[in-house]
Amino acid sequence: YLTRLFHRYDSDKDSCLTLTELNQLFDSLIDIIPSMPSNLSNIKHCVYLRLSLSPTKVPLLTLSGFLAQWFFLAHSQPALTFSYLFQLGY
């Protein structure tokens, strides 16, 4: 399910999300989960922070990095993760 979500917003099909694609993904999540924009913005900030520390010139989020972020969220805040997945239709 999360893999399909990632690929839906990977518009250039390079198996990485650019900041623009990541913004589109988060904007769509805020539309789906309007009651939790502050939590989503915290997650977005964390992802952006990690991308800014990337050794490459262009910050990109790979599928494995995307899934790792979800895994970390599930490990640290399972109830919040299940709530997000439920509201996303999983």
Side-chain angles (χ1 to χ4, degrees):
Y1 184 81
L2 293 172
T3 302
R4 283 187 304 210
L5 181 66
F6 178 91
H7 288 297
R8 183 181 313 154
Y9 290 94
D10 181 17
S11 58
D12 54 5
K13 306 299 182 214
D14 63 351
S15 297
C16 294
L17 294 181
T18 63
L19 290 178
T20 301
E21 293 166 336
L22 196 58
N23 276 329
Q24 292 171 347
L25 185 144
F26 275 106
D27 288 345
S28 73
L29 293 181
I30 289 173
D31 289 341
I32 294 169
I33 311 173
S35 62
M36 300 184 198
S38 62
N39 288 334
L40 282 175
S41 66
N42 289 341
I43 294 168
K44 183 178 178 180
H45 177 72
C46 178
V47 171
Y48 281 6
L49 186 60
R50 289 182 181 271
L51 289 178
S52 70
L53 300 174
S54 170
T56 63
K57 298 274 186 212
V58 180
L60 299 172
L61 181 63
T62 63
L63 176 59
S64 61
F66 178 75
L67 295 174
Q69 291 291 327
W70 275 98
F71 178 79
F72 176 75
L73 181 64
H75 181 71
S76 63
Q77 299 181 45
L80 180 62
T81 304
F82 292 133
S83 173
Y84 283 167
L85 291 173
F86 176 76
Q87 291 184 44
L88 288 171
Y90 183 73

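Keep in mind that what you see is a predicted model, and the values were worked out from it rather than measured.
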How close do Asp12 and Glu21 get, heavy atom to heavy atom, and via which atoms?
OD1-OE2, 3.0 Å
Could you grab the distance from atom CG of Leu25 to atom OG1 of Thr20, nearest 0.5 Å is fine?
12.5 Å
Leu2 CG to Leu85 CG distance, which is reported to the nearest 0.5 Å:
5.5 Å
Count I, L, V, M, F, W, Y as connected when their side-chain heavy atoms are under 4.5 Å apart, and connections chain through other members. Are Phe82 and Leu5 then in the same cluster?
no
Spatial distance of atom CG (Leu63) from atom OG1 (Thr3) [nearest 0.5 Å]
5.0 Å
Classify the ring geometry of Phe66 against Trp70: parallel below 30°, tilted from 30° to 60°, perpendicular beyond 60°.
perpendicular
CG-CD distance between Leu17 and Gln24, expressed to the nearest 0.5 angstrom:
9.5 Å
Please name the pair of heavy atoms, one in His7 and one in Lys13, separated by the smallest distance, quoted to 0.1 Å.
O-NZ, 3.4 Å
Verify the cluster assignment for Leu73 and Tyr1: are they in a single hydrophobic cluster under the rule of side-chain heavy atoms below 4.5 Å apart?
yes
With rounding to the nearest 0.5 angstrom, report the SG to CZ distance, Cys16 to Phe6.
6.0 Å
From Phe72 atom CZ to Thr81 atom OG1, the distance as rounded to the nearest 0.5 Å:
10.0 Å
